[in-house]
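Input: a single structure, listed below in structure tokens.
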Amino acid sequence: MLDITTIILTYNEELHIKRCLDIICPVVKDVFVIDCFSEDRTVEIAQSYANVHVLQHEWPTTKHAGQLNWALENAPITTKWVMRLDADEYPMKDLVEEMQQKIPSLGDEITGIVLKRRHIFMGKWMKGGIYPVKLLRIFRYRKAMCERRFMDEHIQLLEGKSVEFEHDFCDHSLINISEYCKKHINYAYSEATQVLNEMYHLTGSASDNITHLGKQAEKKHRIKCKYNRLPLFWRSFAYFVYRYFLRGGFLDGKEGFIFAFIQGWWYRTLVDVKVLEVMKWMKANHLDANSPEGRQALKQYIKDHWGIVLSSRGSV
């Protein structure tokens, strides 16, 4: 086994957790499942594995970033390395072999490992559109934390440098399309909050403090900052065109169209609808989001209507 602790955040993940644990448990020393009081068999399944430890913690208002950072601060981790996975993710066999070959010989100056993520959508590998997504998912314990964002958060190295591995891990959700869309409706609240935070500096934090994330993650955040300055609704259409036509999403057939449409157009349009909704509310109440009073009113609106609390100390 590798000297790695895997952290998995869960809430009602009985559909995915066994597959993930079957693959990762024989590879790593420990697994911590940080569960938000699931109402299904998630905890029961997780506890059936010898090297899996379940910690239950209420889902914080700070979303994924807060839950992961809580785990890093409170889980009794004893390994040199930590690997972050979602319940519907798993490493490919080639990646497992690469980890076993390379990680034990990495020098102390290497504190992070960037992996390539492939999306399996409706049972098909989405080779066009956005592949490969490169994410820093393995890091030395206490050498990294999750950046404080409401959406699209990444692991941020505190010191050292990263290397990139060749092989993939999979994002392979088994939920149906209705549930998939429901999840994206919930994501849209967090995404819209992040957009409004960058527009009006609601938390007083530097939204462009995006160093030590890995080259692709840094580039992605910079592109998103530019994207958020484009006109509402036109930008979601342009993003769909980019993903589906220019990046080759059309090569993935019917599934490729559905994937690009839901993620690249419908979801992004939904985020813009929520932003527009807030802007119209501000106008109707004669509030200026660039004033202290307007920012406070906007933060209260987001808390009351979306259940997201914005702190003045940071992004989340």
Side chain Asp272, main chain Leu232, donor-acceptor under 3.5 Å
no
With a 4.5 Å cut-off on side-chain heavy-atom distances among I, L, V, M, F, W and Y, is there a chain of contacts connecting Ile120 to Ile8?
no
Atom of Cys36, atom of Gln67 and distance for their closest heavy-atom approach:
CB-NE2, 4.4 Å
Within 45 degrees of the ring normal and closer than 6.0 Å to the centroid, is that where the cationic atom of Arg84 sits relative to Phe139?
no
What verdict does the salt bridge (Lys or Arg N to Asp or Glu O under 4.0 Å) test give for Arg149 and Glu198, after you've listed the backbone C-alpha separation in whole Å, the side-chain angles of each residue and the deciding distance to 0.1 Å?
CA-CA 11 Å; Arg149 290 175 65 90; Glu198 293 180 4; 3.5 Å; yes
Are side-chain heavy atoms of Tyr244 and Phe259 found at a separation under 4.5 Å?
no
Rounded to the nearest 0.5 Å, how far does CD1 of Ile258 lie from CH2 of Trp266?
13.5 Å
Please say yes or no: joined through hydrophobic side-chain contacts below 4.5 Å, possibly via intermediate residues, are Met1 and Ile113 part of one cluster?
no
Answer with yes or no whether the hydrophobic clustering places Val96 together with Val163; edges join I, L, V, M, F, W, Y residues whose side-chain heavy atoms lie under 4.5 Å apart.
yes
Any side-chain heavy atom of Ile155 within less than 4.5 Å of one from Leu68?
yes
Considering non-hydrogen atoms only, spot the tightest contact between Arg235 and Leu230 and give its length.
NH1-O, 3.1 Å
Shared hydrophobic cluster, Leu15 / Phe37 (ILVMFWY, side-chain heavy atoms < 4.5 Å):
no
Would you say the ring centers of Trp125 and Tyr131 fall short of 6.0 Å from each other?
yes
Looking only at atom types and distance, does a side-chain atom of Asp30 sit under 3.5 Å from a main-chain N or O of Ile77, one as donor and one as acceptor?
no
Looking at Phe237, I want to see if its CZ is surrounded by more than 12 non-hydrogen atoms of other residues, nucleotides or ligands under 6.0 Å.
no
Please name the pair of heavy atoms, one in Met282 and one in Gly294, separated by the smallest distance, quoted to 0.1 Å.
CE-O, 3.6 Å
Candidates Lys224, His184, Lys274 - the one meeting side chain to side chain donor-acceptor pair (under 3.5 Å) with Glu191:
Lys224
When you measure from the side chain of Glu255 to the backbone of Met122, do you find a donor-acceptor pair of N or O atoms at a distance under 3.5 Å?
no
Measure from the side-chain N and O atoms of Asn176 to the backbone N and O of Ser178, and report whether any donor-acceptor pair falls under 3.5 Å.
yes
Using the rule given for side-chain contact (heavy atoms from CB on, under 4.5 Å), can you reason through His119 versus Arg117, listing the C-alpha separation, both sets of side-chain angles and the distance that settles it, and then say yes or no?
CA-CA 7 Å; His119 283 86; Arg117 182 175 68 187; 3.5 Å; yes
Taken to the nearest 0.5 Å, the spacing of Met151 CE from Asn197 CG works out to 15.0 Å
To check you understand the geometry: which heavy-atom pair defines the closest contact between Asp3 and Lys80, and what is its length?
OD2-CG, 3.1 Å
Assess whether atom OH of Tyr242 is packed by more than 12 heavy atoms of other residues, nucleotides or ligands within 6.0 Å.
no
Rounded to the nearest 0.5 Å, what's the gap from CG on Leu157 to CG on Leu136? Could you check?
5.0 Å
Walk me through it: do Asp22 and Tyr49 pass the test side-chain contact (heavy atoms from CB on, under 4.5 Å)?
CA-CA 9 Å; Asp22 280 346; Tyr49 294 80; 2.6 Å; yes
Is it true that Tyr11 and Trp59 have ring centroids separated by less than 6.0 Å?
no
Parallel, tilted or perpendicular: rings of His172 and Tyr90 (30°, 60°)
tilted
Does this structure show an ion pair linking Lys182 with Glu179, if we count only N-O contacts that are shorter than 4.0 Å?
yes
Is it the case that over 12 heavy atoms from other parts of the model lie below 6.0 angstrom from the NZ atom of Lys124?
yes
Would you please test Met83 and Val27 for side-chain contact (heavy atoms from CB on, under 4.5 Å) and show each step?
CA-CA 11 Å; Met83 182 179 191; Val27 179; over 6 Å; no
Within the structure provided, determine whether His16 and Leu174 are in side-chain contact (heavy-atom separation under 4.5 Å).
yes
Do Phe32 and Val82 pass the side-chain contact (heavy atoms from CB on, under 4.5 Å) test, and can you show the C-alpha distance, the side-chain angles, and the key distance before you say yes or no?
CA-CA 10 Å; Phe32 280 95; Val82 176; over 6 Å; no
Does the side chain of Phe233 come within less than 4.5 Å of Val273's, by heavy atoms?
yes
So if you build clusters from Ile, Leu, Val, Met, Phe, Trp, Tyr with side-chain heavy-atom gaps below 4.5 Å, do Phe245 and Ile130 land together?
yes
Judged by atom type as modelled, is there a donor-acceptor pair below 3.5 Å linking the side chain of Asn12 to the main-chain atoms of Glu39?
yes
To the nearest 0.5 Å, atom CZ of Arg295 lies from atom NE2 of His201 at 8.5 Å
In terms of heavy-atom contacts, Pro104 and Met99 come closest through CD-O, 3.7 Å
Quick one: NE2 on His286 to CD on Glu293, what's the gap to the nearest 0.5 Å?
15.5 Å
Decide side-chain hydrogen bond (donor to acceptor under 3.5 Å, both in side chains) for Gln263 and Tyr239; before the verdict, give the C-alpha distance in whole Å, the side-chain angles of both, and the deciding distance to 0.1 Å.
CA-CA 10 Å; Gln263 278 204 342; Tyr239 181 57; over 6 Å; no
Donor-acceptor under 3.5 Å (Glu98 side chain, Phe165 main chain)
no
Regarding Gln296 and Gln300, do their side chains bring together a donor and an acceptor under 3.5 Å, going by distance alone?
no
Take a 6.0 Å sphere around NZ of Lys102 and say whether it holds more than 12 heavy atoms from other residues, nucleotides or ligands.
yes
Heavy-atom pair of closest approach, residues Leu72 and Ala144:
CD1-O, 4.0 Å
Flag side-chain contact, heavy atom, 4.5 Å: Thr79 against Val28:
no
Can you find a pair of side-chain heavy atoms, one from Arg118 and one from Met92, that are under 4.5 Å apart?
yes
Checking the side chain of Thr42 only, and the main-chain atoms of Glu14 only, is there a donor and an acceptor separated by less than 3.5 Å?
yes
Can you tell if the side chain of Lys18 reaches within under 4.5 Å of the side chain of Arg41, non-hydrogen atoms only?
no
When rounded to the nearest 0.5 angstrom, what is the spacing between OG1 in Thr6 and CD1 in Ile23?
12.0 Å
Looking only at atom types and distance, does a side-chain atom of Arg140 sit under 3.5 Å from a main-chain N or O of Gly112, one as donor and one as acceptor?
no
For the residue pair Arg148 and Thr203, establish whether any side-chain heavy-atom pair is separated by less than 4.5 Å.
no
